[in-house]
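Below, chains carry the letters A, B, ... as their sequence lines are ordered, and counting in each starts from 1. The structure displayed is predicted, hence computed values, not measured ones.
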Number of protein chains: 2
Amino acid sequence: MPKDRAPTRIQKKNRAAILEAALNVFSAHGFRGATVDQIAAEAGLSKPNLLYYFPSKEAIHTALLSGLLETWLAPLHDLDAGGDPMEEILSYIRRKLQMSRELPRESRLFANELVQGAPRIHDALSKDLKALVDEKTTILTGWMDQGKIARLHPYHLIFSIWALTQHYADFDVQVRAILGDEDPFKGAEPFVDTLYRKLLAP
Amino acid sequence: MPKDRAPTRIQKKNRAAILEAALNVFSAHGFRGATVDQIAAEAGLSKPNLLYYFPSKEAIHTALLSGLLETWLAPLHDLDAGGDPMEEILSYIRRKLQMSRELPRESRLFANELVQGAPRIHDALSKDLKALVDEKTTILTGWMDQGKIARLHPYHLIFSIWALTQHYADFDVQVRAILGDEDPFKGAEPFVDTLYRKLLAP
DNA sequence: TCTTGATTTGACCATCTGGTCAAACTCACG
DNA sequence: CGTGAGTTTGACCAGATGGTCAAATCAAGA
């Protein structure tokens with residue numbers, strides 16, 4: 001285990017390679033389904049070498065999740081009370097959909113964890129996530145009070161956005177099995193845009 | 001392994017107990033995360049005894065999935081070209097939401113499988129599911145042509161229904177972490193109802 | 001009751017998996 | 001160079017896990 005001095009060139013490179021490999025493996029097989037050997041192989045390291053950088057499989061998973069949670073929630077963080085309500089929400093939705101396209105592994109990493117009861121991030125959900133959502137639903141409710149957008153249950157509004165956008169990453173196989181060659185996002189973007197324009201129109 | 005005569009009383013009871021236990025365990029931990037011992041214990045059998053009824057862990061999983069696929073797709077099957085378009089669709093949505101509430105384990109069983117690339121049901125997706133969806137989107141498109149409902153991408157319309165309704169079962173922990181004590185479905189039902197009424201209004 | 005097939009189990013096995021460790025090797029820097 | 005910290009690895013281990021098997025037990029019809 002490297003001391004806690006400034007990380008060396010090699011440490012930076014290997015830690016990054018491990019996390020990248022772990023993202024591939026954990027997102028495709030879940031925590032239990034992933035093996036340390038698999039991650040090590042994909043990172044181009046031997047297993048003992050990998051365990052020189054992270055003390056355990058669980059530690060890699062935790063590092064991944066907590067490192068990516070911020071990225072994952074950034075779009076919601078950026079929802080601005082000062083902006084135009086409809087534009088703010090639609091822009092949030094577009095960013096979420098874009099993340100589904102560009103960061104599907106991250107989406108599935110969280111999906112795997114959530115479907116199985118989030119044993120490793122339960123805390124982050126009921127603390128950080130809840131706090132963030134509460135902050136933003138206050139903004140949404142404010143806009144509803146001002147008649148800027150239709151009155152809806154703000155929590156369920158947010159759930160609907162998550163469900164709709166992440167569906168394309170999480171259940172990618174199913175979507176592709178049905179759409180065939182068609183690019184899922186080509187149709188998804190105008191669809192969700194239309195959906196939320198109609199839904200939110202005051 | 002019992003011969004393929006008519007199943008005895010004991011065979012019926014034990015097979016049912018095994019599938020029930022397997023549903024609990026597979027839906028909570030995924031295929032890889034589930035252990036045969038765990039399923040056997042939950043079914044009240046010893047491991048060798050369980051393996052007397054099913055030849056392998058994989059066989060249990062396959063039996064479960066194929067046995068439940070029909071149940072899972074029944075609501076879509078019932079979408080009737082002869083009925084009132086808006087009522088047919090809203091009734092489909094209500095049934096899907098009801099299944100999310102009453103059969104969350106089944107939902108998570110499929111979610112687990114799908115998130116990890118559906119290695120064991122890829123065939124059923126691109127054959128049975130695709131055929132069913134194609135049949136029903138034809139109906140939807142017909143209704144759109146007649147101006148009975150708004151014109152939308154029919155595949156994405158169906159995806160949106162799946163995403164919205166199954167979200168409450170699949171990501172239950174997250175929903176509860178945010179809603180607290182509030183019953184998720186109390187708010188969800190009017191929300192999705194409103195959503196699709198607005199979306200589908202011609 | 002007796003017999004036969006169905007059911008159940010304890011003991012066992014091979015493999016996989018997360019993790020350890022001491023020894024070897026490499027790198028940067030004085 | 002030389003040297004000490006940083007890095008890598010082969011060999012190894014303990015426990016978990018899927019699965020097997022022969023022997024024991026049970027159930028039901030003749």
Residue-phosphate contact under 4.0 Å: [X] side-chain N/O, [N] OP1/OP2:
{"X": "A:Asn49", "N": "D:dT7", "value": "no"}
{"X": "B:Tyr52", "N": "C:dT7", "value": "yes"}
{"X": "A:Tyr53", "N": "D:dG6", "value": "no"}
{"X": "B:Thr8", "N": "C:dT7", "value": "yes"}
{"X": "B:Gln11", "N": "C:dT7", "value": "yes"}

Roughly, in whole Å, what's the span from [atom1] in [X] to [atom2] in [N]?
{"X": "A:Asp37", "N": "C:dG19", "atom1": "CG", "atom2": "C1'", "answer": "11 Å"}
{"X": "A:Ile39", "N": "C:dG19", "atom1": "CD1", "atom2": "P", "answer": "10 Å"}
{"X": "A:Arg15", "N": "D:dT8", "atom1": "CZ", "atom2": "P", "answer": "12 Å"}
{"X": "A:Phe31", "N": "C:dT17", "atom1": "CZ", "atom2": "P", "answer": "13 Å"}
{"X": "A:Asn14", "N": "C:dC27", "atom1": "CG", "atom2": "C1'", "answer": "14 Å"}
{"X": "B:Gln38", "N": "D:dA16", "atom1": "CD", "atom2": "P", "answer": "13 Å"}
{"X": "A:Phe26", "N": "C:dG18", "atom1": "CZ", "atom2": "C1'", "answer": "12 Å"}
{"X": "A:His29", "N": "C:dT17", "atom1": "NE2", "atom2": "P", "answer": "11 Å"}

Between [X] and [Y], is there a side-chain N and carboxylate O pair less than 4.0 Å apart?
{"X": "A:Lys130", "Y": "A:Glu135", "answer": "no"}
{"X": "B:Asp170", "Y": "B:Arg108", "answer": "no"}
{"X": "A:Asp84", "Y": "A:Lys148", "answer": "no"}

message = Can you classify the ring geometry of B:His156 versus B:His153 as parallel (below 30°), tilted (30 to 60°) or perpendicular (above 60°)?
response = perpendicular
task = Hey, can you tell me if B:Phe159 and A:Tyr168 have their rings parallel, tilted or perpendicular (30° and 60° cut-offs)?
result = perpendicular
message = Tell me whether B:Gln174 contacts the main-chain N or O of A:Leu114 through its side chain, where contact means a donor paired with an acceptor under 3.5 Å.
response = no
note = Each nucleotide of nucleotides 19-30 of chain D classed B (base within 4.0 Å of a protein heavy atom), S (only sugar-phosphate) or -, in 5' to 3' order, makes BBB------S--
task = From the options D:dT9, D:dG6, C:dC16, select the nucleotide whose nearest atom is closest to the side chain of B:Arg32.
result = C:dC16
message = Mind checking if A:Ala34 touches a base, just sugar-phosphate, or nothing, with heavy atoms under 4.0 Å?
response = sugar-phosphate
Six-ring centre of B:Phe26, B:Arg105 cation under 6.0 angstrom, axis tolerance 45° = no
